[in-house]
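Scroll down for the structure; my scribbles are underneath it.
Chain naming here is simple, since letters A, B, ... match the order of the sequence lines and numbering starts at 1 in each. All values below come from the heavy atoms of this structure, side chains included, with hydrogens, waters and symmetry mates left out. These numbers come from a predicted model, not from an experiment.
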Amino acid sequence: MDLFYTVRQHVLNELEGMVAAGELPSGLDMTSVAVEPPRDPLHGDMATNAAMVLSKSAKKNPREIAETLANRLSNVDIIENSQVAGPGFLNLRISIKAWQLILNTILELGSAYGRTGLGKNLRVNVEFVSANPTGPLHVGHTRGAVFGDALSELLSFAGFKVTREYYINDGGSQVDTLARSVYLRYLEAHGQDVAFEDGTYPGDYLIPVGQSLKEKVGSDYIDKPEHYWLEDVRKFSTDAMMKLIKDDLAALGVKMDTFFSEKSLYGGGKIEEAIESLKSKNLIYEGILDSPKGKKVEDWEPRVQTLFKSTSHGDDVDRPIKKSDGAWTYFAPDIAYHFDKVERNFDQLIDIFGADHGGYVKRMKAAVSALSDDKVKFDIKLTQLVKLFKRGEPFKMSKRAGTFVTLRDLVDQVGSDVTRFVMLTRKNDAPLDFDFEKVLEQSKDNPVYYVQYASARIHSVFRKAKQAGIHFDEEQARSETFSKITHEAEIKIARKLAEWPRLVEISAKTHEPHRIAFYLYELASDFHSLWNKGNENDALRFIQEKDHNATYTKMAMISAVLVVISSGLGILGVEPATHMN
RNA sequence: GGACCCAUAGCUCAACUGGAUAGAGUACUUGACUUCGAAUCAAGGGGUUGGGGGUUCGAAUCCUCCUGGGUCCGCCA
């Protein structure tokens, strides 16, 4: 299915043949032999670095190896031509037949084209968003949500079994603060004047929660001490917040498989169990940490704490798991949570943090490494901050001034598709400027429309053809031979489509869904280019009024383009367009 | 003081995880709609990849030291 893979196999076969013929020594490491599209199309369709990679261990001149390899490869049917270039590159020209066959493959496989066996059904847990359940999701969470969801979809496309998971931080003091704030709104709903002091959440979004609390318990909690109502209100409030958050995620098209409660770790001995596991590996001890140097800590005094020896797994300092008063630090439940993930037998874990949590990467990796004895692959991706702009001017967010931009604001204003695509046209660790006036006013600045437009144009051709009495039949299209698809601009598209499976693999391996977005942009660009060539060259128009067979072939070809665009957009969570408005 | 992320065309960003002459968009200049949707296309200029050193056939990519920016640094989560 993957033409690059196929050609690489041919290259490896011939290299083996050279070994057998004594032209190369045996026992060579071939893993870094690559077959790639060359940067410059003039160099051919594919290039291999085999000769250069092997020259050192084979103790032969790279060009000499390349010459021999080129001769051997000329006997392979799909390779039309091979030429040695530069320091020892072997440029390959693939026969036009192979490109035509790619189109058949795509139509045959449909949405399965590009799915690979890379993941081998390995179980991957992707944890993302995990915002505190104290309010609606804001713009920063949005990027993490989009990235995590697209990565999950990408991995599942690449053959992994993916679990999307949200860790609810409902065990700390912030949910008590939430409960107190809701209590104030509850009193307010009963007509009392209330003051939101420091340490409470004054946001309007809690007003309806106070209202519904009133509907639920009536006046029962008025003038009662905190211990009487706190636990119930806490649960009531976090439930309400999680409902809010789930709705926010739904608006963005994100659906979690699992919600894991931090609170559930307490009381059941889960934390103790995790710590015990570390203790059995001699990684827990009582000790005193040094004061951080250079940073002013005014009331610093050395204290004995229970520490995790994370330095033995790559961290810079050991980390406290208990406060000096004996209570757990936040890190302890985090360890227990990841212990739980390891126990749930995931083969790989991925955490997605905001950049402001970058400081926790090493200790979390140390924890998972220790807990799983390095058996579970663990990657942490950081999403950089999103800077909002309005017509080029930085847009300052302030809760007080009411200019706080939530996920919902963003989706309501620019839509889920635009939000997702724009956030994915950037590497996750690059800061993102998001101008939510510009992406709407000047749509050409926005790559999502460019890709959507390609998809809409293809649908437009289908509509036009139908009017002309040419009905496109998927079944029949599969038997198309594409022997008439020979023009350079058409083959260029086939070449691009052939890269898709390989691109999926690279993106999945590197955990970088943004590559999908850039690829779709390039594919759309090749398509638009071909479209416009039809303005000058009638033979390149998709609808050939006088030749229904030719029209049919071309429709089958652009239908293959649509297959890949739909798959790609599907990974990003964006709907392919049939019309532009 | 330390850790982590980053620095690429005027601007916003890519670059196949080490490959050939570093690419797109935008902006600027010019051209293409009686024709499948011009939200498109074609052409042009634009670079010491922040700086120095190193590793090798080969470096934007890996190592090291600087410079500049961001995030963070026990008893908050």
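Counting any heavy atom pair closer than 4.0 Å across all strands shown, Asn49(A) reaches a base atom. Contact annotation for Asn535(A): base contact, defined as any heavy-atom pair under 4.0 Å involving a base atom. The residue Ala47(A) sits close to a base: some heavy atom pair falls under 4.0 Å. As judged by a 4.0 angstrom heavy-atom cut-off over every strand, His514(A) is placed among residues touching the sugar-phosphate backbone only. Residue Leu289(A) is classed as having no contact, given no heavy-atom separation below 4.0 Å to the nucleic acid. At the heavy-atom level, Tyr360(A) lies under 4.0 Å from base atoms of the strands shown. Counting non-hydrogen atoms under 4.0 angstrom, Glu262(A) reaches the backbone sugars and phosphates but no base. Among the heavy atoms of the strands lying under 4.0 Å from Ala85(A) is at least one base atom, whether or not backbone atoms are also near.
Taking 4.5 Å as the limit, some side-chain heavy atom of His514(A) sits within range of a side-chain heavy atom of Phe518(A).
Sorted by first then second residue, the salt bridge (Lys or Arg N to Asp or Glu O under 4.0 Å) pairs that include residues 353-367 of chain A, not counting sequence neighbours, are Asp316(A)-Lys362(A). Within the structure, side-chain hydrogen bond (donor to acceptor under 3.5 Å, both in side chains) pairs that include any residue of residues 460-471 of chain A comprise Arg463(A)-His579(A) (at least two apart or interchain).
Evaluation of the side-chain hydrogen bond (donor to acceptor under 3.5 Å, both in side chains) rule for Tyr552(A) yields no partner, not counting sequence neighbours. Partners of Thr48(A) by side-chain hydrogen bond (donor to acceptor under 3.5 Å, both in side chains), not counting sequence neighbours: none found. Looking at residues two or more places apart in sequence or on another chain, you find a ring pair (Phe, Tyr, Trp, His ring centres under 6.0 Å) between Tyr521(A) and Tyr450(A). Residues meeting the side-chain hydrogen bond (donor to acceptor under 3.5 Å, both in side chains) test with His357(A), sequence neighbours left out: none. In this structure, the side-chain hydrogen bond (donor to acceptor under 3.5 Å, both in side chains) partners of Thr306(A), at least two apart in sequence or on a different chain, are Glu286(A).
Under a cutoff of 6.0 Å and an axis angle of 45°, Arg319(A) and Phe308(A) do not form a cation-pi pair.
For A20(B), the OP1/OP2 oxygens have a side-chain nitrogen or oxygen of Arg39(A) closer than 4.0 Å. Phosphate contact (OP1/OP2 of A38(B), side-chain N/O of Arg457(A), threshold under 4.0 Å): present. An OP1 or OP2 oxygen of C41(B) is reached within less than 4.0 angstrom by a side-chain nitrogen or oxygen of Tyr450(A).
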Identify the pairs formed between an N or O of the protein and an N or O of nucleotides 42-45 of chain B at a distance under 3.5 Å, and give each distance.
from	atom 1	to	atom 2	distance (Å)
A42(B)	OP1	Ser529(A)	OG	3.3

Pairs: protein N or O with nucleotides 9-13 of chain B N or O, under 3.5 Å:
from	atom 1	to	atom 2	distance (Å)
U12(B)	O2'	Arg426(A)	NH1	3.0
C13(B)	OP1	Pro431(A)	O	3.2
C13(B)	O5'	Arg426(A)	NH1	3.3

Protein-nucleic acid N or O pairs under 3.5 Å, nucleotides 67-70 of chain B:
none

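Taking every heavy atom of residues 494-513 of chain A and every atom of RNA chain B, pairs under 4.0 Å involve Arg502(A), Thr510(A), Glu512(A), by number. The stretch residues 312-320 of chain A comes close to RNA chain B through Asp316(A), Pro320(A), each having a heavy atom under 4.0 Å from the strand.
Glu490(A) contributes a side-chain N or O that, together with a main-chain N or O of His487(A), makes up a donor-acceptor pair within less than 3.5 Å.
Between the side chains of Asn428(A) and Thr383(A), no donor N or O sits under 3.5 Å from an acceptor N or O. Side-chain contact of Thr134(A) with Asn132(A): a donor-acceptor pair under 3.5 Å is absent, judged by distance alone.
A salt bridge is defined here as a Lys NZ or Arg NE, NH1 or NH2 lying under 4.0 Å from an Asp or Glu carboxylate O, and Arg502(A) with Glu505(A) fails to meet this definition.
Between the P atoms of U71(B) and G45(B), the separation comes to 41 Å (whole Å). Straight-line distance between the C1' atoms of A7(B) and A14(B): roughly 15 Å, to the nearest whole Å. Straight-line distance between the C1' atoms of G50(B) and G68(B): roughly 8 Å, to the nearest whole Å.
In this structure G1(B) sits in a base pair with C73(B), meeting the Watson-Crick or G-U test at under 3.5 Å.
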